[in-house]
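Each remark here refers to the structure printed beneath this line.
What's counted below: heavy atoms across the whole structure, side chains too, no hydrogens, waters or symmetry copies.
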Amino acid sequence: MSIIIKKLKYIILTLILIIFILNIKIVINSTYEASLLFFKKVFITIFPFVILCDFLIYFNYHIFIKGIFGKIINKIFNIDSNTSIIFILSIFSSHPSNAIYIKNLLDNKIIDIKVANRILIYTYFPSIAFVIGVIGVSLYNSFKIGLMLWIICFINNILIGLFLRKDNVYIESINNESKNISFFECFKLSIIKAINTSFIILGNLIVFTIIINLIVNYISINPTILSVLTGFLELTSGVISISLLDIPFNVKFALTSLILNFSSLSILFQSFSILSSYKINIKKTLTIKLMFSIITFLLIIICT
């Protein structure tokens, strides 16, 4: 059986190689498209936030945030109050920033891997500017629609956090040891980390853009199904495609919410890649994210 699986693996890899060679133009254009999107929209937000996160931890800002929000976060989610900085910062910055904050706290031994696995699942907040500005105002000409979509995402994350309360891993881990590196060393390491993290995100974005464009080129399926599939692979392309569909608005709204709540495989894989040096429960994250996204989608359809 293992020999068959091994041969099948090589057959699949060979097919992928052939597809790439035969569709080199699509691959190149997809790489260009993804790179353009990355440097125009993603890099300018992710890069400074990685550096900022290192500075915040260096100056023990997590202790300040913990003092304000720690007890509330602990009582609501039954989790280490040190995670309060992850939850608060993730609300105001777009995913996969949550993975960056989590990795920083793991690297500094402020939280452990069990806590990291939990907080990761319910801190995938989409950019407020993207949801309200791009989706609401630009795509649907309505600030209210964008705000409603973001509030639904916020509530969805809260519900996931409450659902995971039963995973009792609450152990208050405190590490207030003074830093043994200088500020300028921290600054240098932060820049290196920001560059590495940014290119991990770029790589994931390129791969999923290529996959989407190859699917569109080879498979002819129902436009609604194609839009949802695109959204599950890459969020931005998906929500734009859904907005162009000739379907009732309530279905568009529900499908957009579905994609936003799931966050897309591209974003999820970006966060898994950022946290690749730690044992992240990928299966649990994908399962819970998908489950709650579908539940929210069905509730919106029923209520509208």
Side-chain angles (χ1 to χ4, degrees), residues 31-66 82-113 115-117 119-120 123-125 127 129-130 173-210 234-236 263-280 282 285:
T31 303
Y32 175 77
E33 176 189 334
S35 300
L36 205 61
L37 173 64
F38 173 78
F39 285 106
K40 277 190 171 182
K41 302 290 184 182
V42 182
F43 181 76
I44 56 177
T45 55
I46 290 296
F47 190 86
F49 266 102
V50 176
I51 296 174
L52 175 62
C53 184
D54 270 358
F55 286 173
L56 294 177
I57 300 301
Y58 182 84
F59 289 108
N60 291 321
Y61 189 75
H62 60 285
I63 297 174
F64 170 72
I65 293 292
K66 175 183 173 181
N82 283 302
T83 61
S84 53
I85 189 171
I86 300 170
F87 190 82
I88 300 302
L89 291 181
S90 295
I91 291 174
F92 298 104
S93 58
S94 61
H95 40 43
S97 295
N98 59 331
I100 295 169
Y101 305 139
I102 290 168
K103 186 177 187 305
N104 214 310
L105 265 61
L106 283 169
D107 289 345
N108 287 276
K109 297 181 173 56
I110 295 169
I111 60 172
D112 63 25
I113 190 61
V115 171
N117 269 301
I119 191 71
L120 175 68
T123 51
Y124 282 96
F125 293 98
S127 165
F130 174 75
S173 52
I174 304 174
N175 185 345
N176 294 335
E177 296 178 4
S178 58
K179 308 297 182 298
N180 56 5
I181 61 172
S182 68
F183 171 79
F184 292 104
E185 182 69 12
C186 174
F187 184 52
K188 182 189 77 173
L189 293 174
S190 297
I191 293 173
I192 294 171
K193 186 189 295 183
I195 292 170
N196 291 337
T197 302
S198 297
F199 277 92
I200 286 171
I201 294 170
L202 173 60
N204 278 276
L205 190 58
I206 288 173
V207 169
F208 279 95
T209 303
I210 291 171
E234 204 283 307
L235 189 147
T236 304
S263 305
S264 84
L265 287 175
S266 175
I267 290 171
L268 291 168
F269 274 57
Q270 287 168 29
S271 64
F272 298 150
S273 297
I274 291 166
L275 292 164
S276 60
S277 54
Y278 294 96
K279 193 175 181 180
I280 296 300
I282 297 173
T285 301

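Heavy atoms from other residues, nucleotides or ligands lying under 6.0 Å from CZ of Phe39 number more than 12. Atom CZ of Phe199 is surrounded by 12 or fewer heavy atoms from other residues, nucleotides or ligands within 6.0 Å.
Between Ile102 and Ile86, the shortest heavy-atom distance links the atoms CG1-CD1, 3.7 Å. In plain terms, the two heavy atoms of Lys66 and Ser84 that are nearest each other are CA-OG, 3.4 Å. Pairing each heavy atom of Ser277 with each of Lys103, the nearest pair is OG-CE, 4.1 Å. Ile51 and Ser190 make their closest contact through CG1-O, 3.9 Å (heavy atoms, listed as atom of the first residue, atom of the second, distance). Heavy-atom minimum distance, Leu235 versus Ser263: CD1-O, 3.7 Å. Closest approach of Leu105 to Asn82, counting heavy atoms only: CD2-O, 3.5 Å.
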* To do: Verify side-chain contact (heavy atoms from CB on, under 4.5 Å) between Thr236 and Phe130, making sure each step is shown before the conclusion.
  => CA-CA 9 Å; Thr236 304; Phe130 174 75; 4.1 Å; yes

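Between Ile110 atom CD1 and Ile85 atom CD1 the span is 8.0 Å, to the nearest 0.5 Å. Taking CG of Leu89 as the start and NE2 of His62 as the end, the distance is 12.0 Å to the nearest 0.5 Å. Of the inter-residue distances, the one linking Leu205 atom CG with Phe38 atom CZ reads 8.0 Å to the nearest 0.5 angstrom. With rounding to the nearest 0.5 angstrom, the CG atom of Leu275 is 9.5 Å from the CD1 atom of Ile100. With rounding to the nearest 0.5 Å, the separation of CZ in Phe272 from CD1 in Ile200 is 14.0 Å. Atom CG in Leu120 sits 10.0 Å away from atom CD1 in Ile282 (nearest 0.5 Å).
Side-chain atoms of Ser271 and Tyr124 form a donor-acceptor pair, as typed in the model, at a separation below 3.5 Å. Between Tyr58 and Asn108, the side chains place no donor N or O within less than 3.5 Å of an acceptor N or O (distance only, hydrogens not considered).
Side-chain N or O atoms of Asn117 include one that pairs as donor or acceptor with a backbone N or O of Ile113 at under 3.5 Å.
For the pair Thr197 and Phe47, the minimum side-chain heavy-atom distance is 4.5 Å or more.
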